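Single-structure report; data block below.
Predicted model, so just to flag it, every value in this text is computed and none were measured. Naming: A, B, ... by sequence-line order, numbering from 1 per chain.
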Amino acid sequence: MSTILEVKGLKKYFIQKKTGFSWLKGGKPYQALYLRAVDNVNFDIKKGEALGLVGESGCGKTTTAKCIIRLIDPTDGQIIFKGEDIASLPKKELKRIRKHMQYVFQDPVGSLNPRMNVKNLLAEPLRNFGILKDKNEVEERVINLLETVGLSEEHMNKLPRELSGGMKQRVGIARAIAANPEFLILDEPTASLDVSVGAKILNELVDLQKRLNMTYLMIAHDLSVIRYVCNRVAVMYLGQIVETGDVEEIFSDPLHPYTEALLSAVPIPDPWVKIKRIDLKGETPSPINLPRGCRLQNRCPYVFSACTSDEPELVEVKNGHSVACHLKSKS
Amino acid sequence: MSENLLLNVTKLSTNFYLYEGVMRVLDEISFQIRPREVFGLVGESGSGKTVASLSILRLILPPGRIISGEIFFEGTDLLKLPQKEFSKIRGKKISMIFQQSRTALNPFMKIGEQIARIYRTHEGLSKSEAMEKAIESLKRFRIPEAEKRVESYPHEFSLGMAQRVMIAMMMACNPKLLIADEPTTGLDVTTQAQILDLMKEARDKIGTSILLITHDLGVAAQTCDRLAVMHAGHIVEIADVEVLYGRPLHPYAKALLNSIPRVDKKVRISDIPGFVPSLLNPPKGCRFINRCPKVILGVCEKAKPEMIEIDRGHFVMCHLYEGK
Amino acid sequence: MDRENKTLTVPKTKEHPLRKTWRSIDYSWYVLRKNNLTLAGFFMIVFLLFLVILSPVIVIYDPYETDSDNVLSPPSWRHLFGTDQWGRDIFSRTIVATQLDLFIALTTVLASASVGAIIGAVSGYFGGKVDLLMQRVTDILLAFPSLILAMGIMAALGASFWNLMLTQFVIRIAIFIRVARGEMISQKENEYVEAAVCSGNSTSRIIIRHLLPNCITPVAVMTTLNFGYAILVTATLSFIGLGLNPPTAEWGLMISDGASYLVLGAWWLSIPGAFIVLAVLGFNLLGDGIRDLAG
Amino acid sequence: MGLFRYIVKRFLLFIPILFGITLVTFTITYFLPGDPAAVRLGGSPSVEALEEMRIKMGLYKPVWERYFIYMSDLLSGDLGKSYLTDRPVLYEIGDRVLATLELSFVSLFIIVVIGIPLGVISAFKKNSIIDHVARFVGVSGISIPSFWLGLVLIFLLFYVARIFPPPLGRLPPGIDEPARITGFYIVDSLLSGDLETLKLSLYYISLPAITTALVNLAPITRMTRSAVLDVLEKDYIKAARAAGLPERQIYKDALKNALIPILTTIGLSIGFMISGSIVIEKVFSWPGIGLFALQSIASNDHNPIQAYILIVGLTFALINLLTDIAYGFVDPRIKYG
């Protein structure tokens with residue numbers, strides 16, 4: 001299998017200006033604070049694979065994804081998509097890339113223009129990417145797309161507010177696959193849906209991937225969703241990937257203390273299975289004031305001297321299973 | 001059995017009167033909560049879970065109205081109580097925590113004061129006594145540096161911490177019943193686990209019964225003792241949590257349990273076809289009829305099924321089981 | 001997955017587009033009806049527009065023709081609302097004034113709304129230095145109560161029809177810029193904009209096809225609420241001598257004329273005043289209704 | 001520290017607005033019709049005299065220089081001279097501003113005493129008869145032109161019913177004004193124990209004040225209503241009910257949290273009353289700054305017009321600044337944010 005996407009040293013720092021009165025004493029007029037949303041992220045995705053990116057809110061998953069499709073310009077790093085570094089591509093050329101790479105948004109309400117009907121929403125990528133021009137052809141393809149995601153012709157003239165949440169999300173997926181992209185970024189596609197509706201979307205995503213041979217980067221905070229759709233997973237904490245590997249491997253044998261804690265906190269819909277919880281104390285620190293060394297040091301139950309001085313690097317410990325932890329990478 | 005009940009809701013119906021018509025959000029629901037138990041009310045959005053909880057506390061605002069039913073709490077019918085008497089029960093014997101605790105706390109008031117005035121209202125304590133109790137209750141729910149934090153405003157807390165403050169506030173008077181409406185939705189899993197632990201701890205130490213409203217079947221499985229499944233304004237099945245997950249009877253409950261992916265093992269999931277019916281014009285008979293794989297033609301569309309007890313404590317509302 | 005199920009569950013109701021339009025009209029009508037005040041406002045405006053349309057038929061006297069034998073006469077069958085100090089027919093003058101005042105209010109408010117909305121939307125979308133400058137300009141314009149600003153500009157330019165039009169335009173453009181800018185900034189944050197970027201739309205297309213239609217609502221509400229205020233400003237300026245010049249048939253001027261003969265009775269000022277109240281109240285009630293509908 | 005920073009920031013943002021206000025007033029005066037030199041000389045002066053006066057007044061200097069002179073005069077408190085009365089504008093305005101303020105304060109008092117309770121009741125008893133009446137009165141109030149209302153009230157209550165006094169200013173002709181202490185007749189007559197004058201001044205201020213109040217009642221009532229309603233729909237009110245707090249306490253909370261928007265509206269009302277006074281003063285011959293401005297416009301007297309617009313603009317801007325700062329004190333999210 002060939003690699004379709006390779007992310008190398010991706011960084012995104014947001015600058016927050018803090019104005020104060022220090023300039024009265026001859027200081028700078030403002031102090032620049034760096035919010036390190038994504039800090040040196042590396043991973044790759046092979047063609048036909050589904051990689052899951054998990055982590056808690058504010059860990060930088062969505063920022064990473066939006067950097068990849070260049071909705072956000074990265075601060076540093078390389079994003080090699082089909083052999084071409086798109087991290088510093090000028091804005092004009094991005095249209096060419098986006099024909100092959102699409103994004104499904106988390107919020108089906110906010111991501112569909114409330115004043116455009118389904119037909120126009122789906123026709124946009126077809127026309128803009130120059131796939132179809134003829135009015136009848138576009139309409140035919142729109143119907144075809146709607147059927148692919150389990151909707152039908154009658155939804156074509158509806159406005160988003162006339163559709164249920166699940167239907168809206170399916171329109172979002174239909175729009176993303178309209179131009180036949182090879183690579184799809186799914187940003188929490190089921191987070192805002194009811195379980196029974198979410199199940200349908202998940203099944204359709206699995207189905208689509210097989211049928212159209214697509215590659216997925218799927219973001220989720222719900223680990224069970226990742227387990228259902230993905231074959232590889234990367235766990236993020238405070239802007240960094242702390243563990244990555246095959247889904248089965250990581251879910252059955254997590255190495256990083258954070259992964260362990262995260263997995264143990266997921267409630268299992270089965271009253272007989274009781275998992276022993278590994279509790280992380282305290283709260284996630286702010287990504288503005290990060291400690292030196294490991295970013296989990298103030299919450300980790302296994303913390304030792306090396307953790308406070310050096311930042312652990314992502315090291316492969318088993319076949320394809322890498323972890324960024326002083327404790328595990330040494331042993 | 002009835003002497004052993006804390007809350008007995010019978011045939012509670014709540015309607016919303018809208019332009020489009022009358023929305024029958026709760027249609028004669030009945031359930032019981034025993035002392036010291038965590039009772040779960042699960043269902044998808046639009047099933048009427050939140051309206052059920054707000055109805056118990058009589059917090060339904062127009063255009064909604066409770067139209068019939070009885071809610072017995074420790075022997076008195078809450079729906080017949082005069083407003084003034086009822087205020088004395090709210091917050092003291094029954095209280096409620098909300099999904100978005102940061103918006104459920106008054107943004108202009110220090111949290112210490114917000115908790116303290118509950119003590120002043122219900123226990124008639126003086127200002128300083130109430131403040132001391134407020135600090136104590138924050139400590140009880142593990143808010144670090146409680147003495148300092150009473151001076152903080154709600155926006156200075158993280159979501160998880162704000163939820164703890166809310167719990168501390170609503171548990172201030174050690175109520176007999178705590179209604180928790182999606183208390184962990186929107187929180188991260190690790191925070192969610194901590195909050196759920198706190199609530200269970202409150203039940204164990206203080207003996208508070210909890211009515212937990214959730215859409216998350218994982219949370220329900222790990223937290224509740226008994227469970228009621230709601231669909232389109234009906235409670236379709238009530239059972240002990242092990243029984244319900246082990247042997248669900250109602251086709252909706254079965255389908256719902258089949259639709260959740262699991263983190264501990266790979267399972268095949270399937271969805272429930274169709275949609276929750278509109279409550280404006282619900283089907284006359286069973287409200288699951290359009291989605292049910294086991295419809296008995298000639299029966300299901302005609303009459304609303306009765307709630308029947310299949311086993312001890314296992315109730316189901318489905319024509320399939322009638323006469324068994 | 002069983003696809004058979006789907007056809008069973010999704011009800012096949014293909015709605016005729018006309019029916020859909022009818023449904024939205026029906027809903028607007030319902031909102032109007034539910035709120036009696038809005039309905040009242042609606043009828044007030046309809047009534048005035050009706051008078052304006054009928055004016056060629058009902059204005060039988062030349063509003064500027066004086067009649068020295070018949071001054072300050074109270075209402076009679078010959079002169080429905082009586083005559084003024086020059087013997088001019090007040091009924092005819094009031095109807096002509098209705099045309100004039102409504103015309104000034106509608107055109108100037110619509111002009112400042114459309115120009116302001118576009119400036120505000122563009123400046124809100126792009127931000128940067130031009131936006132900063134725009135903000136300061138609106139700040140300054142909004143630093144004055146609009147009546148005082150209008151008075152100042154009219155004093156500087158002199159009372160005349162076109163100066164009044166210009167003044168009306170200038171005093172409320174800032175508020176439209178601000179509303180449109182604020183709406184654009186909040187709409188810009190919506191994910192549908194990012195989605196539109198992903199769908200390969202150009203920036204100009206995103207602004208025109210995606211953002212502007214979504215910014216219209218608050219501007220539209222603001223527009224209706226401003227019609228009434230514009231009428232008040234015209235009348236007030238004319239009353240204090242800084243709007244239109246006599247002998248123009250205009251409500252404010254007619255009141256000012258009538259005020260001089262208050263000792264003899266209130267007829268000559270109550271009729272035009274009642275018309276002002278009718279028009280302004282009508283627009284305000286309607287605007288409130290539209291705001292409820294939009295919100 | 002947070003609050004201090006917030007206030008300083010507000011003040012810094014205020015400076016360009018002040019600058020802008022002077023720019024606007026200067027521009028308006030620049031375009032005013034009439035030759036200031038001719039007005040100043042009066043009569044029919046010779047061409048040479050006019051030319052000399054124009055040079056003396058600096059009318060031939062470039063625009064930016066004239067603006068600079070205007071600004072430096074302004075900063076030293078010099079608003080120029082009224083050529084009509086040949087006195088400094090500052091004195092002329094000083095003589096009249098208190099009349100305007102007295103009228104505004106009395107009206108404000110009526111508005112606050114009636115409008116806010118009306119809005120609160122209207123919100124608490126939403127959709128009740130009181131609410132409908134209050135809303136209708138509210139929307140009518142902003143739909144009636146103040147000058148017309150004043151004239152109608154004069155006609156009905158003075159000419160017909162003879163209840164209220166004629167629209168002839170602050171006191172009937174022939175009555176001496178009370179010994180000047182504060183400049184407010186009501187206060188001065190009270191302080192000097194002149195009960196007769198007190199009665200008369202209250203009598204004479206009543207009708208203009210009622211007219212102003214009626215017109216300005218609407219925004220306050222509406223804003224109070226919507227602010228209180230807004231708070232009442234918040235989750236924390238529901239939570240407070242769930243916690244069993246008595247209704248009285250809940251209403252108190254709602255009022256407290258609705259205070260800021262109400263305060264803002266009061267501030268705005270003061271601004272509107274001062275600007276609306278130009279019309280009311282004309283109708284009631286009230287000797288305030290509005291009437292003075294109108295007289296100056298009629299006689300092309302530039303400096304007083306300029307000063308009037310400047311003063312109203314400054315007052316308006318200052319009120320906005322003060323309400324902004326009030327927000328900072330009341331809302332903890334601003335203080336620490």
Side-chain angles (χ1 to χ4, degrees), chain A residues 54-59 150 163-167 190-204 206 220-229 237 247-248 251-252 258 260-275 277-284 286 299, chain B residues 42-47 142 144 157-161 184 186-194 196-197 214-225 227 231 240-246 252 255-276 291:
Chain A
V54 296
E56 294 184 299
S57 51
C59 72
L163 302 173
S164 70
M167 288 178 177
T190 58
S192 58
L193 304 175
D194 271 323
V195 273
S196 69
V197 184
K200 195 173 230 158
I201 302 274
L202 290 180
N203 278 332
E204 261 156 27
V206 171
H221 67 275
D222 184 348
L223 289 122
S224 38
V225 167
I226 295 285
R227 174 148 208 177
Y228 194 69
V229 178
Y237 181 73
V247 162
E248 296 304 319
F251 279 48
S252 53
Y258 178 68
E260 253 186 325
L262 204 58
L263 274 168
S264 78
V266 179
I268 291 166
D270 191 339
W272 285 281
V273 181
K274 303 272 180 208
I275 285 189
R277 276 250 327 279
I278 295 144
D279 201 6
L280 293 175
K281 31 181 200 191
E283 298 199 314
T284 314
S286 141
R299 307 179 68 192
Chain B
V42 298
E44 298 181 279
S45 53
S47 60
R142 288 197 227 108
F157 289 87
S158 68
L159 287 180
M161 276 300 158
T184 58
L187 299 180
D188 283 321
V189 276
T190 48
T191 321
Q192 164 172 288
Q194 290 165 354
L196 291 174
D197 280 354
T214 180
H215 68 277
D216 188 328
L217 288 153
V219 169
Q222 296 295 324
T223 320
C224 300
D225 303 318
L227 215 53
H231 177 261
D240 284 349
V241 70
E242 284 91 358
V243 176
L244 193 79
Y245 280 80
Y252 176 67
L256 195 63
L257 285 166
N258 269 333
S259 68
I260 22 175
R262 286 176 67 151
V263 75
D264 57 334
K265 59 182 179 197
K266 193 138 190 165
V267 287
R268 178 96 195 119
I269 60 171
S270 52
D271 57 87
I272 307 174
F275 311 100
V276 180
R291 315 173 72 184

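Heavy atoms closer than 4.5 Å to chain B are found nowhere in A:Leu193, neither backbone nor side chain. With a threshold of 4.5 angstrom between heavy atoms, B:Gln192 approaches chain A through side-chain atoms but not through N, CA, C or O. Only the side chain of B:Leu256 comes within less than 4.5 Å of a heavy atom in chain A; its backbone stays farther off. With a 4.5 Å cut-off on non-hydrogen atoms, B:Val276 does not touch chain A at all. Heavy atoms closer than 4.5 Å to chain B are found in both the backbone and the side chain of A:Asp270. In this structure, chain A has no heavy atom under 4.5 Å from any part of B:Asn258. Heavy atoms closer than 4.5 Å to chain B are found in both the backbone and the side chain of A:Ser57.
The candidate from B:Ser259, B:Gly160, B:Cys224 with the greatest count of non-hydrogen atom pairs under 4.5 Å with chain A is B:Ser259. Heavy-atom pairs under 4.5 Å with chain A peak, among B:Ile272, B:Val263, B:Thr190, B:Val219, at B:Val263.
Panel note: side chain A:Ser264, backbone A:Ile278; a donor-acceptor pair is recorded below 3.5 Å. The main-chain N or O of A:Ala191 is never found under 3.5 Å from a side-chain atom of A:Asp222 such that the two would form a donor-acceptor pair.
Residues satisfying the ring-ring contact (aromatic ring centres under 6.0 Å, His included) test with A:Tyr228, not counting sequence neighbours, are none. Residues passing the side-chain contact (heavy atoms from CB on, under 4.5 Å) test with B:Asp264 are A:Ile268, A:Val273, B:Arg262, sequence neighbours excluded.
One finds the OG1 atom of B:Thr223 at 8.5 Å from the CG atom of B:Asp216 (value rounded to the nearest 0.5 Å). The structure places OG of A:Ser196 at 8.0 Å from NE2 of B:His231, a figure rounded to the nearest 0.5 Å.
Other residues, nucleotides and ligands contribute at most 12 non-hydrogen atoms within 6.0 Å of the NZ atom of B:Lys265.
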